[in-house]
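Note: hydrogens, waters and symmetry copies are ignored here, and every other heavy atom, side chains too, is used.
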Amino acid sequence: MQNADRYGAMNAYQHDGVISCFEHQRLSRQDFAHSTDFDYLIEQELPCFGIEIKRGQLSLVVSHYLAKIILPSGLTLEILPKISVETASETHQSPSQLLTATDSTAILVKRKAEIVQARQWVAVMLADISEDNIGKELAALDLAAKPGFYMPSYPTIPSQLASASRTLDKPWYEGLLATIRQALQQAAGILPNRYQTQVHNQPKAQGKINLAAQLKNNWHRPHYLYTEQAVFETDQLLAQFLATAWQQLQKLSAQNVINESSFDQQMPSILQGVMVLPPQSWEGVYQQLKSSTATWGSQLSLVQAQVVTQAIEWGWWILTQGPGAESRQGTEDKSVDQLPVASLMINMNHAFERWVLGKLQSWASQQLANSRLIIQPSFDWLYLKTNFPKSGLESKVVQKLVPDACIMTQEGQISHVLDIKYKSLSAATQVSGADWQQLYSYQQHLNCQNAWLIYPKTKTFTQRLDVFDNLDENRHSNQDGDDSGRITQMSVIPFDPQQGLLLI
């Protein structure tokens with residue numbers, strides 16, 4: 001094995017058609033069995049990658065995303081969180097250092113174990129998010145993300161989300177795709193039907209004659225009959241939308257491009273033969289379906305309407321994850337239709353924050369009687385005072401404080417202010433000054449006793465750390481009075497992703 005290949009193996013691990021890597025790693029051409037896959041990722045400028053040039057060579061810097069990207073070769077690139085995972089640079093001092101075959105084997109074994117571990121806690125995270133009943137959206141990005149592109153969001157995620165991902169050696173996204181498939185199948189099975197009035201004006205009668213319309217429209221040609229006929233039909237527009245979403249889901253699910261026969265065998269029978277929508281109409285149809293909920297929803301029970309609404313949201317989300325997403329913007333670039341199938345990217349900053357918020361909500365309900373978690377409250381902070389001749393002095397808010405969450409008591413007092421950071425700490429004492437200052441501003445403005453920064457647990461950050469600001473060396477010489485009784489405490493709290501547990 002050449003040294004470059006050995007170094008590449010430490011960054012990307014390939015098994016069963018899936019290339020797995022971790023966020024913040026650098027991928028070079030040598031990490032890909034097919035160089036066209038690397039070229040494709042460079043050309044697409046996906047949001048989950050940065051592009052760097054080092055020693056005259058292009059490299060991809062993996063950003064903080066969970067991602068599945070199907071490559072032109074048919075292989076799938078899987079991006080996993082890096083928490084508690086060593087990179088190649090941490091394992092070896094230099095990529096130019098020669099490695100023995102034993103070294104390479106040991107690294108691959110360790111890398112596989114880390115991938116299995118990451119998949120395990122990601123599956124747990126997605127399962128917890130699906131059950132937390134928090135209204136905060138979990139943003140995702142699409143393959144063809146461009147400036148000004150619509151940013152989709154998860155709908156409320158059903159509880160079956162990670163059920164298929166609990167097998168430890170399976171990619172994280174399988175449970176998610178299984179959930180979307182189930183939602184579309186359930187909606188297809190209860191498509192609303194209603195009577196549609198069809199109007200005919202021809203020599204042959206079809207349905208009942210509308211006498212008023214007959215006299216108005218056919219007085220000069222009595223052999224024509226103006227008739228109306230009520231036909232019981234499935235909501236065609238909704239069926240087309242679900243069929244289009246199903247087709248996109250099949251592209252995202254497949255390792256290789258599927259043929260039409262295999263596609264038809266898996267599509268729900270009621271959707272087979274339904275014409276799919278052109279990409280340019282996707283957004284308009286989605287908005288139309290949302291605005292006409294009362295029309296098609298009146299044909300269904302409350303539970304059935306919720307199922308169909310859920311499928312519409314998942315359908316729209318999945319339609320923004322593939323090559324058609326760009327062509328629906330009306331681009332003239334015909335090469336868009338030739339893109340390999342879809343990708344799926346979830347911002348780990350948002351996913352981790354959502355996960356921790358769910359755990360905080362549970363902790364507050366169990367440990368703090370009659371308290372509740374408030375997500376992203378907004379507080380007026382800085383004002384601009386302006387003197388108007390007629391109305392006098394007026395204040396205008398120019399800056400607000402928006403912490404990630406607060407805990408409020410039954411009396412309406414804020415007892416905790418919380419800020420969640422998806423950053424890897426080498427130690428609790430390594431928290432940046434900017435993070436401390438931000439938390440301090442929240443605490444002082446809200447005058448609350450507890451202020452917490454929450455970071456992922458790492459091998460060297462395993463315990464809570466409390467800090468105080470009233471020590472003598474922190475006091476300025478121009479401070480008057482005795483404030484020794486005022487102790488401001490702030491805390492750094494680890495969150496264990498392996499257990500899904502706040503280490504308070």
Worksheet, complete the sentence: Heavy atoms of F22 and Q25 approach each other most closely as CB-OE1, 3.0 Å
Worksheet item: Is any side-chain N of the basic residue among D31 and R26 closer than 4.0 Å to the acidic one's carboxylate O?
Response: no
Practice prompt. State the CG-CG distance between L373 and L357, to the nearest 0.5 angstrom.
Written response: 6.0 Å
Discussion item. With no hydrogens and no angle check, just 3.5 Å: does a side-chain donor-acceptor pair link E78 and S20?
Written reply: yes
Discussion item. For I346 versus A351, what's the shortest heavy-atom pair and its separation?
Written reply: CG2-CB, 4.3 Å
Discussion item. Show, in sequence, the C-alpha distance, side-chain angles and deciding distance for D39 and R29, and conclude whether the salt bridge (Lys or Arg N to Asp or Glu O under 4.0 Å) test is met.
Written reply: CA-CA 8 Å; D39 294 335; R29 191 178 300 273; 2.7 Å; yes
Discussion item. Apply side chain to side chain contact (heavy atoms under 4.5 Å, CB included) to residues F49 and V61 and explain how you reach the verdict.
Written reply: CA-CA 5 Å; F49 294 112; V61 181; over 6 Å; no
Practice prompt. May I ask you to test the P377-C406 pair for a side-chain heavy-atom distance under 4.5 Å?
Written response: yes
Worksheet, complete the sentence: Rounded to the nearest 0.5 angstrom, the CD-CG distance for Q310 and L184 is 10.0 Å
Fill in: Distance in Å, R55 CZ paired with L58 CG, rounded so as to fall on 0.5 Å steps
15.0 Å
Discussion item. Using the side-chain contact (heavy atoms from CB on, under 4.5 Å) definition, which of the options L77, L27, L80 pairs with V62?
Written reply: L27
Worksheet item: Looking at W355, F352, F495, which hits ring pair (Phe, Tyr, Trp, His ring centres under 6.0 Å) with Y422?
Response: F352
Discussion item. Nearest 0.5 Å, please: how far is OG1 in T462 from CG in L503?
Written reply: 8.0 Å
Discussion item. Using only atom types and a distance under 3.5 Å, with no angle test, would you say the side chain of Q304 pairs donor to acceptor with the backbone of S301?
Written reply: yes
Worksheet item: Under the 3.5 angstrom rule, does the side chain of T409 hit a backbone N or O of S371 as a donor-acceptor pair?
Response: no
Worksheet entry | Name of the residue among I493, D435, V467, L418 meeting side-chain contact (heavy atoms from CB on, under 4.5 Å) with L453 | D435
Worksheet item: For residues Q366 and S362, is any side-chain donor paired with an opposing acceptor at under 3.5 Å?
Response: yes
Worksheet item: Will you find, in the side chains of Y442 and Q438, an N or O donor that is under 3.5 Å from an N or O acceptor?
Response: yes
Item to complete: Return yes when atom CZ of R464 has more than 12 non-hydrogen atoms of other residues, nucleotides or ligands closer than 6.0 Å, and no otherwise.
Response: yes
Item to complete: Report yes if the side chains of C48 and I69 come closer than 4.5 Å at any heavy-atom pair, otherwise no.
Response: yes
Worksheet item: Can you check whether D466's main-chain N or O pairs, donor with acceptor, with S491's side chain at less than 3.5 Å?
Response: no
Worksheet entry | C21 side, atom SG; I19 side, atom CD1 - distance, nearest 0.5 Å | 8.5 Å
Worksheet, complete the sentence: Sequence neighbours excluded, the answer for salt bridge (Lys or Arg N to Asp or Glu O under 4.0 Å) partners of D404 is none
Worksheet item: Can D496 and Q499 be counted as having a side-chain donor-acceptor contact under 3.5 angstrom?
Response: yes
Worksheet item: Could you state the interatomic distance from NE2 (H416) to CD1 (I374), rounded to the nearest 0.5 Å?
Response: 13.0 Å
Practice prompt. Specify the closest pair of heavy atoms between A311 and A187, including all atoms of both residues, with the distance to one decimal.
Written response: CB-CB, 3.3 Å
Discussion item. Using the rule given for side chain to side chain contact (heavy atoms under 4.5 Å, CB included), can you reason through Q240 versus V276, listing the C-alpha separation, both sets of side-chain angles and the distance that settles it, and then say yes or no?
Written reply: CA-CA 5 Å; Q240 285 184 281; V276 298; over 6 Å; no
Worksheet item: F468 versus M490: any side-chain heavy-atom pair under 4.5 Å?
Response: no
Worksheet item: Can you check whether Y40 reaches D37 side chain to side chain, under 4.5 Å on heavy atoms?
Response: no
Discussion item. Test side chain to side chain contact (heavy atoms under 4.5 Å, CB included) on K290 and E313; report intermediate values, then the result.
Written reply: CA-CA 9 Å; K290 288 190 66 176; E313 294 300 325; 3.7 Å; yes
Item to complete: May I ask you to check whether Q430 and Y455 show a side-chain donor-acceptor distance below 3.5 Å?
Response: no
Worksheet item: Does a salt bridge link K421 with E353, judged by any charged N lying under 4.0 Å from a carboxylate O?
Response: no
Discussion item. Under 6.0 Å between ring centres: does that hold for W452 and W363?
Written reply: yes
Worksheet item: Does the side chain of Q250 come within less than 4.5 Å of R181's, by heavy atoms?
Response: yes
Worksheet item: For the side chain of Q443 and the backbone of Q489, is there at least one donor-acceptor N/O pair under 3.5 Å apart?
Response: yes
Discussion item. Would you say that V285 contacts L238 through its side chain, given a criterion of any heavy-atom pair below 4.5 Å between the two side chains?
Written reply: no
Fill in: Crowding at CG, L382 (>12 non-hydrogen neighbours, <6.0 Å)
yes
Fill in: Donor-acceptor contact present, side-chain S281 to main-chain L277, <3.5 Å
no
Worksheet item: Take atom CD in Q367; do more than 12 heavy atoms of anything else shown fall under 6.0 Å from it?
Response: yes
Practice prompt. Indicate the atoms forming the closest heavy-atom contact of E23 with I79, along with that distance.
Written response: N-CG2, 4.2 Å
Discussion item. Could you walk me through whether Q498 and Q117 satisfy the side chain to side chain contact (heavy atoms under 4.5 Å, CB included) test, starting with their C-alpha distance in whole Å, then the side-chain angles of each, then the deciding distance to 0.1 Å, before giving a yes or no?
Written reply: CA-CA 8 Å; Q498 306 299 335; Q117 187 181 55; 3.3 Å; yes
Worksheet item: If we only count heavy atoms from C-beta on, is the L71 to T76 side-chain gap below 4.5 Å?
Response: no
Discussion item. For P81, is there any backbone N or O sitting under 3.5 Å from a side-chain donor or acceptor partner on H24?
Written reply: no
Discussion item. Minimum heavy-atom separation for S63 and P47, please, with both atom names.
Written reply: CB-O, 4.2 Å
Worksheet item: Do you know the tightest heavy-atom contact between F32 and S28?
Response: CD1-O, 3.3 Å
Fill in: Heavy-atom check, side chain of S291 versus side chain of Y286, under 4.5 Å
no
